[in-house]
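Let me begin by presenting the structure, written as structure tokens, before commenting on it.
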Amino acid sequence: MVSGPPPRTVDWAILVVLVLQAATGVGTLFAGTPDSAWLIVLHAIGGLVLVGLIGMKLWRVRNRLRPGRFRREMVPAVLAAVVVLATMGTGIAWASGWRPWVGLWTLLTIHAVLGLLLLFPVLVHLSLRIHRPRVVDFAERRTALQFAALAGVGTIAWGLQRQLTRLLEAPSRFTGSYQTRSFEGNAFPSTSWVADDPEPIDPGDWELIVDGAVEHDVAISESNLTANGETEVDLTTDGGAEAALRSNAEIDAVLDCTSGWFSEQRWQGVSVASLLDAATPTDEARWVAFHSVTGYRWSLPIDEAADALLATHVTGERLSHDHGYPLRLVAPGRRGFQWVKWVERVEVRTAADYGQWIAIFTSGFE
Ligand code: HEM
Ligand SMILES: Nc1nc2c(c(=O)[nH]1)N[C@H]1C(S)=C(S)[C@@H](COP(=O)(O)O)O[C@H]1N2
Ligand SMILES: [Mo]
């Protein structure tokens with residue numbers, strides 16, 4: 001019988017691929033434009049190569065898994081094995097075109113959560129069992145060839161799988177997301193990142209404020225926002241003087257949620273550039289933060305913000321409450337979680353907003 005690569009080499013390769021999977025997996029959450037497609041391809045091929053590595057490892061230790069030989073120190077190893085199989089299984093099922101929702105979660109979300117949980121049993125198992133690698137473990141010509149062959153098989157498997165999803169008519173975008181209800185107005189799914197679920201907003205109680213590192217604050221009421229398809233901007237610091245601003249904008253852009261679906265829509269509303277023009281950023285202005293009534297917020301570098309839109313309409317329909325009425329951010333090339341809904345404040349900033357990383361997890365909790 002042919003023998004595989006040496007055990008310690010397989011173990012180290014597993015560790016390297018796992019670290020790579022965790023890093024590229026988290027990276028996919030930010031991959032919004034095709035120039036980051038390589039990250040997802042790397043993740044997919046790495047994941048398929050891991051199947052081969054885990055297969056070798058489980059084959060090697062199969063005798064130790066018999067009931068009579070079970071010891072307590074093996075618990076982290078067994079847990080790690082179960083979770084890695086579940087992570088690979090959910091990843092492959094999703095990428096092959098099986099995309100069920102399990103309650104509020106998609107299979108892809110479950111995959112990501114399992115992938116992150118996996119790090120715990122793996123770290124414990126490692127701390128109990130670690131053997132230091134030696135260069136010679138990898139330097140063997142035969143071992144190097146075996147790994148190259150494994151990478152080749154992984155790449156071929158990935159290519160075949162892409163064909164399979166085409167046959168099943170379940171192709172995905174480069175992010176791994178599938179298309180749903182494009183250009184059908186409010187019909188596409190709506191989702192909250194964690195707990196945001198505000199009461200519907202009464203337009204009479206709402207206004208949009210632009211403030212921060214600007215020459216003058218701006219306030220816009222809901223009726224001015226939508227009047228005549230134009231936007232009248234009220235420069236509040238100028239004693240209420242009203243400046244009519246032609247700021248109606250329209251763009252086609254893809255909302256791509258990290259839970260694995262996307263929808264392309266024609267978004268209509270107020271261009272952020274026109275709001276910035278009205279408020280006039282100071283020389284120190286660098287970032288623009290978009291605040292939701294719920295406390296959720298996200299920011300964009302000021303140049304990128306100028307290309308974004310605060311949408312009132314989605315493919316011809318006034319935004320529904322679920323999709324962020326009266327106003328939601330449309331940030332082309334960014335992932336869905338950055339498209340803040342129910343926006344009430346545009347804050348021009350001189351510095352990055354690190355607090356947003358906490359706000360997106362905690363907003364909506366009382
Ligand atoms: C270390 C843990 C992880 C492992 C072992 C792993 C493994 C895999 C595997 C085997 C696939 C299927 C590849 C294919 O069949 O083409 C996959 C797909 C995927 N994984 Fe992971 N993954 C991990 C963590 C994550 C995390 C943390 C995320 C996101 C936060 C993530 C996001 C994705 C996405 C978006 C896909 C779909 C790619 C596509 O449809 O082309 N993964 N993963
Ligand atoms: N205020 C607020 N905005 C939010 C969210 C949220 O939970 N709260 N969820 C984000 C996420 S994760 C996505 S994918 C999109 C979903 O937009 P939709 O509900 O209109 O489909 O909104 C984003 N904007
Ligand atoms: Mo999302």
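Atoms within a ligand are numbered from 1 in the order they appear, just like the ligands themselves. Just so it is clear, the model here is predicted, and its values are computed rather than measured.
- For the atom pair NZ of Lys341 and CG of Leu327, the computed distance is 13.5 Å after rounding to the nearest 0.5 Å.
- Residue Trp261 places a heavy atom less than 4.0 Å from ligand 2.
- Cation-pi contact between Arg173 and Phe262: present, with separation from the ring centre below 6.0 Å and deviation from the ring axis of at most 45°.
- A heavy-atom separation below 4.0 Å is not found between Gly324 and ligand 2.
- At a heavy-atom distance under 4.0 Å, no atom of Val51 approaches ligand 1.
- Here atom 21 (Fe) of ligand 1 is the vertex; the NE2 atom in His111 and the NE2 atom in His43 give an angle of 170° (to 10°).
- Between Trp342 and ligand 2, no N or O atom pair is found at a separation short of 3.5 Å.
- Judged by the shortest distance from any of its heavy atoms, Arg297 lies outside the 4.0 Å radius around the atoms of ligand 2.
- Under 4.0 angstrom from ligand 1, the non-hydrogen atoms of Ile92 come from both its backbone and its side chain.
- Put simply, the side chain of Trp94 gets close to the backbone of Gly176: a donor and an acceptor are under 3.5 Å apart.
- Contacts between Leu50 and ligand 1 below 4.0 angstrom, taking non-hydrogen atoms only, involve the side chain exclusively.
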- Message: Could you walk me through whether Tyr296 and Phe361 satisfy the side chain to side chain contact (heavy atoms under 4.5 Å, CB included) test, starting with their C-alpha distance in whole Å, then the side-chain angles of each, then the deciding distance to 0.1 Å, before giving a yes or no?
- Response: CA-CA 8 Å; Tyr296 195 100; Phe361 291 101; over 6 Å; no
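- At under 3.5 Å, a nitrogen or oxygen of Gln161, whether backbone or side chain, sits near a nitrogen or oxygen of ligand 1.
- If you look at Tyr296 next to ligand 2, the close heavy atoms, those under 4.0 Å, all belong to the side chain.
- Note: an N/O pair closer than 3.5 Å links Arg162 and ligand 1 by distance alone.
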